[in-house]
Amino acid sequence: MAYVSRRPHAARSSSGIHSRPLAALRSLWPALFVLILVVAVVLRFPALRVPVLSYDEAGYALDGWRLLAGRAEAGPYYRAAPGYSQLLSLAQLAFGGGDVSVRLLSLLAGLGAILLCVPVGRVAGRGAVLVAAVLLAVAPFWLRLDAVVAPDGVVVFLAMLGIALVSSVHLWPWSLIGAAAVTGYLLAFGTTGWWMAAVLLSVLVIAGLRLPRKAWVTGAVAAFASSGLAGLTSFGTSRPVLPFTVRMQEGGASSTEFLRHFASSAPFLLVLLAVALVLWKRASVSRLSWLLAATGGVLLVLSVLLPDPVRPAPAAAGFVLTWAGAVLLARAMSVLVPGRELIAGALVAAGVVCISLLLAQGDAPIVAGPGNVRPVTATDPAIRYAANRVERVSFELYRLERSLEEPRGGRGLQTVVSPSVSNWALWYLRDFENLTVGSGGDERPEVRILGPGDPASSGYEIERFGTRPAEPTAVLAWRPSVWQQITPEAEVGTFEPKAKYDLLDKAPPGDRPGQLNGPVGIAVAPSGTVYVVDQANSRIQKYEPDGTYALAWGAEGDGEGQFGDAGPQLGPTGIAASDEYVWVADTWNHRIQQFRPDGTFVRAWGSFVDTGGDAGRNAASPQGFYGPRGVALGSDGLLYITDTGNKRVVVYQQTGRYVRQWGVGGSGVGELDEPVGIAVGRNGHVYVADARNRRIQVFSQAGKPLRRWPLASESKEGRMEPYVAVDRRGRVYVSDPASQTVSVYNAQGKEIRAYRTAADRTFLAPTGLAVASDEVVYIVDSALGNVLDFRVP
């Protein structure tokens, strides 16, 4: 009776003020859906930046690459899900080979599943679509599924496509044939695909009961033809695979794992289903809705009872229960709020978001809470560092030795991989021609890649990679003859380097051509040529605009072209460059040296003086230095130099003729305490890193104080040598080796962002900075012995 009595009220309100919220929400429907998609993209983007694939992800990616490369032998992951391997190969063809491209397939599939909610709304209703779309967008379960390299996410997209086609039958009867084709193609996606095909087939049976026999025959032919797609690319391999012979994936998710993962995304669905069951007689629920609910319950029970080889994957039950809960809830809410199904759906969707964010603070595999986004894999990135190390050494030893056996050059290192890390090694070193999987034996390769539990071969030199040295993630065992060539500390003997390191090569510290050891300063000339102060090697290294190593000059000493070395981290520091000259702060010879770009010495000026930062003594010693560090070439053609020990900035002409100075010791406005980095902007403002005062001070070219701001990091431990650079947009970059951070400020001193990584490396001691004409920022990391690069958006 209560249900009937509310009908007139709903009718009366349709023309009154009560209809306005509903009308307003309907007009906002496209904007709401766009917002859901934007949120889904934002939440999934961090997954693309996970530094390394998990072991199984690497296996899927590798088999997709093998398919693209035309390798004769199909791997186990291809045999388990050939359809997914085909799509992975297409993704690598379209987006390039790499971790991001293979992850992008799952991400796009997840977004596609959300988009396909719209056509399903013709049957389920907008309220249900809104709830389902929000669930697919923000629930931790789906965030994880859309971030891993595995077939589940693509299977969910195909299931959504099939249901969307079934939902369009009343508009386009032939869409049932398309749904049948999708059902057939799902058979090529392993265990998850088989179960999802069963779900979709049951939906097809109910939806197609009223269609003529001809449509069923055509649909069956389409399904069989589409299933043949799984075998197209397998012809010519040693093991042709057809979808109806595909063995199901082994080792499916355990019941406890399924319950833990799914409970993190939708525990409230059980409550929603209970409410729906209470109200089912009053709600107009379609057979499709109840079919989904029943199927989801069956899959949930089977995931607990069946053994691993045939157990339903979490994605199948999760997908069915998500849609069942959304549809039934929206229908039930339409009973409680007649004519307001979309409003009810919006309220429930808001509740879904709140519950997901609350659950995100727990132990979900990937979470979507504010400031609490974690990667989908717990794999130690050390395995990637080990692979990079092998590749770098191979380039050094074999780049200049091209032959018929090793035509590419740089990938000829004899490498044997332990089976425990084979997926990773074969994926990250997939272009290596001389790489095999083995457990030991009599092979004596140049390097072995071992897992944490593998015994190292006797007579090999060991390198360990991992966050915990006692339990390394990866181990490299080097043949002693190779170790002598790649390790600066080893006896070199008669071995000679066969190649040089370029600017951005992540080479280990050393003294080979292009290798850096404790680098500090960096400068980019207008032509794009890069100069780096290689401090511990007492030399300057020059690189061409494309990063190719060009030449080096300098040695330890106090003669022309030599640099003072008073101990660790006590060598030459700052550098500036034009297309005609290079100026270097020879800190512990207390002078500035000027060179031509080919390293030819031109002149030097300066001598030791200790003024203590006193104004009078500074004025009396314009050509003396205690310890010059920062060197900057201004737009006015003058050189600006920080005399750190004397707590001042001194300005010279390019020939060394004194112009002016400013600064005295102290912490007041315009006073300095151990200034280090210095840069001159396009507007002529001079930016000084006032190190011990933990601030940046900005001066006019005449030395007038303009403004100042504190450094974002307050760390007072470690190396205290911040350097500064300014780009053409006026953004100020400050390195802080003590806190292992590079901060970016606007011209007013507000921090825009802070970086702790660049070029896949975590900063250990960022020091020198330079901005190229194309807005690429170069960072010198003294501890890594590398030059890293990044671009600020």
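No hydrogens, no waters, no symmetry mates; every other heavy atom, side chains included, goes into these values. Owing to the predicted nature of the structure, the values given are computational and were not obtained by experimental measurement.
- Not one N or O on the side chain of Q661 forms a donor-acceptor pair closer than 3.5 Å with the backbone of V649.
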Could you please spell out the steps behind the ring-ring contact (aromatic ring centres under 6.0 Å, His included) verdict for Y755 and F790?
CA-CA 10 Å; Y755 293 88; F790 71 99; 4.5 Å; yes

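- Here CZ of R629 is found 16.0 Å from CD1 of I575. Values are rounded to the nearest 0.5 Å.
- Counting all heavy atoms, side chain and backbone alike, D781 lies closest to P519 at O-CG, 4.0 Å.
- Judged by distance alone, the side chain of D727 and the main-chain N or O of V771 form no donor-acceptor pair under 3.5 Å.
- Summarising the geometry, atom CG belonging to D565 is positioned 7.5 Å from atom CD belonging to Q535; distances are rounded to the nearest 0.5 Å.
- With salt bridges taken as basic N to acidic carboxylate O contacts below 4.0 Å, none links D610 and R617.
- Under the rule for a side-chain contact (heavy atoms from CB on, under 4.5 Å), the partners of N683 that lie at least two apart in sequence or sit in another chain are H685, Y687.
- Between the side chain of D579 and the backbone N or O of S527 there is at least one donor-acceptor pair closer than 3.5 Å.
- The closest donor-acceptor contact from the side chain of D673 to the backbone of S667 lies at 3.5 Å or more, if one exists at all.
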Start with the C-alpha distance between V698 and V686, add both sets of side-chain angles, then the distance that settles side-chain contact (heavy atoms from CB on, under 4.5 Å), and finish with yes or no.
CA-CA 6 Å; V698 187; V686 182; over 6 Å; no

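- The number of heavy atoms from other shown groups lying within 6.0 Å of OH (Y626) does not exceed 12.
- Between L516 and V532 there is a side-chain heavy-atom pair separated by less than 4.5 Å.
- Proximity of L639 to Q653: side-chain heavy atoms (C-beta onward) are nowhere separated by under 4.5 Å.
- In this structure, OG on S735 lies 4.5 Å from CG on L769, to the nearest 0.5 angstrom.
- For the side chain to side chain contact (heavy atoms under 4.5 Å, CB included) test with Y723, the passing option among D736, T767, V742 is T767; the others fail.
- Residues T587 and T573 have side chains that bring a donor and an acceptor to within less than 3.5 angstrom of each other.
- Side-chain contact check for P597 versus K542: some heavy-atom pair is nearer than 4.5 Å.
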Worked verdict on E57 versus R103 for salt bridge (charged side-chain N to carboxylate O under 4.0 Å, His left out)
CA-CA 9 Å; E57 287 180 306; R103 287 195 188 282; 2.9 Å; yes

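- For the atom pair CZ of F625 and CZ of F608, the computed distance is 13.0 Å after rounding to the nearest 0.5 Å.
- In this structure, T529 contributes its side chain and E544 its backbone to no donor-acceptor pair below 3.5 Å.
- Across P509 and N517, no two heavy atoms sit closer than the pair CB-OD1, 4.1 Å.
- Of all the heavy atoms in G510 and N537, the pair that sits closest is O-ND2, 3.0 Å.
- Using a 4.5 Å cut-off on side-chain heavy atoms (C-beta onward), L788 and F763 make contact.
- At least one donor-acceptor pair under 3.5 Å links the side chain of Q541 to the backbone N or O of G514.
- With hydrogens and angles ignored, the 3.5 Å screen pairs a side-chain donor or acceptor of R728 with a backbone N or O of S773.
- Under the 3.5 Å distance criterion, the side-chain polar atoms of S621 are left unmatched by any main-chain donor or acceptor of N618.
- Summarising the local packing, CZ of R660 is surrounded by more than 12 heavy atoms from other residues, nucleotides or ligands at distances under 6.0 Å.
- Counting only heavy atoms from C-beta outward, the side chains of Y652 and L638 never approach each other to under 4.5 Å.
- Partners of E674 by salt bridge (Lys or Arg N to Asp or Glu O under 4.0 Å), not counting sequence neighbours, listed by chain and number: K647.
- A donor and an acceptor atom, one from each side chain of N786 and Y501, are nowhere located under 3.5 Å apart.
- At least one donor-acceptor pair closer than 3.5 Å links the side chain of W583 to the backbone N or O of Q654.
- Side chains of R731 and I752 form a contact here, defined as non-hydrogen atoms less than 4.5 Å apart.
- Side-chain atoms of S106 come within 3.5 Å of backbone N or O of V148 as a donor-acceptor pair.
- Using a 30° and 60° split on the angle between ring planes, F595 and F563 fall in the tilted class, from 30° to 60°.
- Taking the side chain as every heavy atom from C-beta outward, I522 and Y531 never approach each other to under 4.5 Å.
- Of all the heavy atoms in G663 and L672, the pair that sits closest is CA-CD1, 4.2 Å.
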For L764 and Q740, what are the C-alpha separation, side-chain angles and deciding distance, and is it a side-chain contact (heavy atoms from CB on, under 4.5 Å)?
CA-CA 5 Å; L764 296 182; Q740 302 174 319; 4.1 Å; yes

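- Side chains of T611 and D614: a donor-acceptor N/O pair is absent below 3.5 angstrom, by distance only.
- Shown here for A725 and A679, the closest heavy-atom pair between the two residues is CA-CB, 4.0 Å.
- Under the side chain to side chain contact (heavy atoms under 4.5 Å, CB included) rule, P628 has a single partner from I592, N646, V650, which is I592.
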Between K704 and F699, does a side-chain contact (heavy atoms from CB on, under 4.5 Å) hold up when you go through it step by step?
CA-CA 5 Å; K704 178 183 177 182; F699 301 88; over 6 Å; no

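- At a cut-off of 3.5 Å, with distance as the only test, no side-chain donor of R708 or Q697 sits close to an acceptor on the other residue.
- Smallest separation of non-hydrogen atoms from T642 and G630: OG1-N, 2.7 Å.
- Side-chain contact between V780 and V520 is absent, with no heavy atoms from C-beta onward closer than 4.5 Å.
- Once rounded to the nearest 0.5 Å, the distance linking CG of D99 with CG of L104 reads 12.0 Å.
- Between the side chains of T741 and S743, no donor-acceptor pair is found at a separation under 3.5 Å.
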Check the pair Y640, Q701 against side-chain contact (heavy atoms from CB on, under 4.5 Å), reporting the backbone distance first and the verdict last.
CA-CA 9 Å; Y640 294 78; Q701 289 179 320; 3.6 Å; yes

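- Atom-to-atom distance recorded for D643:CG and I678:CD1 is 11.0 Å, nearest 0.5 angstrom.
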